[in-house]
Structure formats: C-alpha cells, structure tokens
Amino acid sequence: MKVLTPLVLASAASAHTIFSSLEVNGVNQGLGEGVRVPTYNGPIEDVTSASIACNGSPNTVASTSKVITVQAGTNVTAIWRYMLSTTGDSPADVMDSSHKGPTIAYLKKVNNAATDSGVGNGWFKIQQDGMDSSGVWGTERVINGKGRHSIKIPECIAPGQYLLRAEMIALHAAGNYPGAQFYMECAQLNVVGGTGAKTPSTISFPGAYSGSDPGVKINIYWPPVTSYTVPGPSVFTC
C-alpha cells in the first residue's frame, strides 16, 4: 500500500491553483479580465456549499465587469496558474504534480454574465478529461501543458450570455470526504453565432456532486485505480 510521506503531504497541502485568465482566438484576455478570480488559491471541499458554483467563501472572489465575446463552435483556453502573481508556465507554476484528477467545464445561460452568481440550476457539462487507459489524469495534461485547459463552446447552443465554469479536481486526499479539492472559477461570456438547435439538460451547483460519488470519494493510491468515473452529468453534445 502506498503511504504519503510528511514531505509529500506538506507539498500537497500548499500546492493550489487558479483559473486566472481566458484565451480566445489566441489572445489572452488578461489576468482577471472576464474571469472571477479569488485572492487566495485554496480549494473548495464542501460540495453542498454555494461556493462550489463559482468559488467563494472562505475565499474572496473579485468581480469583473468584462464579458468576453466568443464564437460558438470554437475553442477557448482556460489558463491555470499556481497564484495570481505567477508569471511562468512550468509544471510547478500550474499546480503540484501530486494533484491528480479530472478537468471539467460547464456552461450556464444567464441574463447578465457580470452579475449572475452562478448558484442554482442551469449548468450543463461541455468538457471532461478524467483518467486515460495509461493512467494519466486530466490535471496532469494541464500541469504538463503549460496550464492550458482547452474547452470547445458547442455550436448548437443558443446565442447569449453564459458563465463558463472551468474546474480541476485534485484527488490526492480523496480517500475520505471531505478530502477531494475542487478548484473552479467562472468566466463571463457572450456567445455569438450559436444555432440554438439543441437545448441541453441542466443540473445545479450545488447539487451536481455528492460526497459519496465514486469520482469524489476515492483512494487513488490503493488499490490501483483502473477506471475512473468523472463526477457530474454526461457531456452535452451537438
């Protein structure tokens, strides 16, 4: 059985991350510009808290008036950094390598992306990357990929304003609940060019995750993980 040493535990306890900016059409929109960033990079661990929607207490989250225009059917990139002051893009500048788990993204259609809290129903999943057949986790691909988390905005959704919730879940301490660490921020989007051909089924935050979900309460060290179920609903497709 693999046991975490005090050194590893100390590293895991202090290594957090923030979705700090959004890249659209190859252009970074700026730190905290159109993304609600917290002043502290710590996780949310209570899946029943309102903070599971777009981050929040015990973290202080800054508001932003910017709403980023995005063409439906294109990819945007959430940029993850260890701290708001981090300027590099090496693995250590993104998140500690011990933080293995899935990456996920959701959208929620809203009347006003700059003011909607994100709490409640209306969310639908548009991306997930769990653990592949080689045992490599979605977070590892972001950590080793300069903090870049690629997300496609579906072409078949209705045009309008949305919140984009990008998330990384760290499972290094998830053998008990609470233990999994949820890192998420919300970007404010104005989606243009969507056909509106399909209406996604939606879920709520809080509500989408349970502390007993197999993707939330899991020991990733022993017995060896051979498959993983990403929490939340299935990915909406056009």
Side-chain angles (χ1 to χ4, degrees), residues 4-23 28 31-33 35-64 77-106 118 128-131 137-149 151 164-187 205-206 209 211 215-221 230-231:
L4 288 179
T5 66
L7 179 61
V8 172
L9 285 170
S11 171
S14 62
H16 304 315
T17 194
I18 298 173
F19 162 31
S20 60
S21 63
L22 189 71
E23 185 176 292
N28 191 293
L31 179 66
E33 293 293 328
V35 181
R36 303 172 185 177
V37 296
T39 56
Y40 175 63
N41 62 356
I44 302 300
E45 296 187 345
D46 179 2
V47 298
T48 69
S49 166
S51 298
I52 200 71
C54 289
N55 208 327
S57 179
N59 303 325
T60 300
V61 178
S63 62
T64 171
T77 303
I79 304 298
W80 293 87
R81 290 293 181 264
Y82 169 57
M83 297 179 70
L84 293 180
S85 59
T86 302
T87 57
D89 59 12
S90 69
D93 293 320
V94 179
M95 188 165 67
D96 189 271
S97 60
S98 68
H99 286 36
K100 295 175 170 57
T103 66
I104 312 173
Y106 293 84
Q128 67 179 25
D129 184 11
M131 187 188 76
W137 293 88
T139 56
E140 294 181 277
R141 278 181 272 277
V142 173
I143 291 168
N144 296 315
K146 300 184 176 182
R148 300 175 62 81
H149 176 188
I151 303 163
L164 168 66
R165 180 183 181 276
E167 176 176 39
M168 296 212 285
I169 305 177
L171 300 171
H172 56 284
N176 292 297
Y177 175 81
Q181 296 182 353
F182 299 83
Y183 298 93
M184 85 301 294
E185 277 75 44
C186 288
F205 279 114
Y209 301 161
V216 172
K217 184 181 178 183
I218 179 174
N219 187 327
I220 64 171
Y221 302 107
V230 178

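Keep in mind that this is a model prediction, so the values were computed, not measured.
Rounding to the nearest 0.5 angstrom, the gap separating the OG1 atom in Thr77 from the CZ atom in Phe19 is 9.5 Å. Rounding to the nearest 0.5 Å places CZ of Arg36 at 15.5 Å from CD1 of Ile18. The CD1 atom of Ile220 sits 8.5 Å away from the OG atom of Ser98 when rounded to the nearest 0.5 Å. Atom CZ of residue Phe182 and atom CZ of residue Phe205 lie 9.0 Å apart, to the nearest 0.5 angstrom.
With sequence neighbours excluded, the residues that form a side chain to side chain donor-acceptor pair (under 3.5 Å) with Ser21 are Asn28. By the side chain to side chain contact (heavy atoms under 4.5 Å, CB included) test, Met168 is found to be paired with Thr17, Trp80, Met95, Thr103, Thr139, Val142, residues two or more places apart in sequence or in another chain being considered. Evaluation of the side chain to side chain contact (heavy atoms under 4.5 Å, CB included) rule for Pro43 yields His16, Glu45, Gln181, Tyr183 as partners, not counting sequence neighbours. Shown here are the side chain to side chain contact (heavy atoms under 4.5 Å, CB included) partners of Leu31, two or more places apart in sequence or in another chain: Ser20, Leu84. Residues meeting the side chain to side chain donor-acceptor pair (under 3.5 Å) test with Arg141, sequence neighbours left out: Asp129, Asp132. Considering only residues two or more places apart in sequence or on other chains, Asp93 meets the side chain to side chain contact (heavy atoms under 4.5 Å, CB included) condition with Thr86, Ser90. In this structure, the salt bridge (charged side-chain N to carboxylate O under 4.0 Å, His left out) partners of Glu167, at least two apart in sequence or on a different chain, are Arg165. With sequence neighbours excluded, no residue satisfies side chain to side chain donor-acceptor pair (under 3.5 Å) with Ser97. With sequence neighbours left out, the side chain to side chain donor-acceptor pair (under 3.5 Å) criterion links Gln128 to Lys125.
Side-chain contact between Arg81 and Asp89 is present, with at least one heavy-atom pair separated by less than 4.5 Å. The shortest side-chain heavy-atom distance between Pro231 and Ile169 falls under the 4.5 Å cut-off.
Between Ile44 and Ser57, the shortest heavy-atom distance links the atoms CD1-O, 3.9 Å. In this structure, Asn59 and Tyr40 approach most closely via the heavy-atom pair OD1-CD2, 3.2 Å. Nearest heavy-atom pair across Pro206 and Ser49 is CB-O, 3.7 Å. Between Gly56 and Ser51, the closest heavy-atom pair is C-OG, 3.3 Å. The two residues Leu171 and Gly101 come nearest to each other via the heavy atoms CD1-CA, 3.9 Å. Nearest heavy atom pair, residue Ala105 against residue Leu164, reads CB-CD1, 4.4 Å.
Not a single donor-acceptor pair under 3.5 Å links the side chain of Asn55 to the backbone N or O of Glu185.
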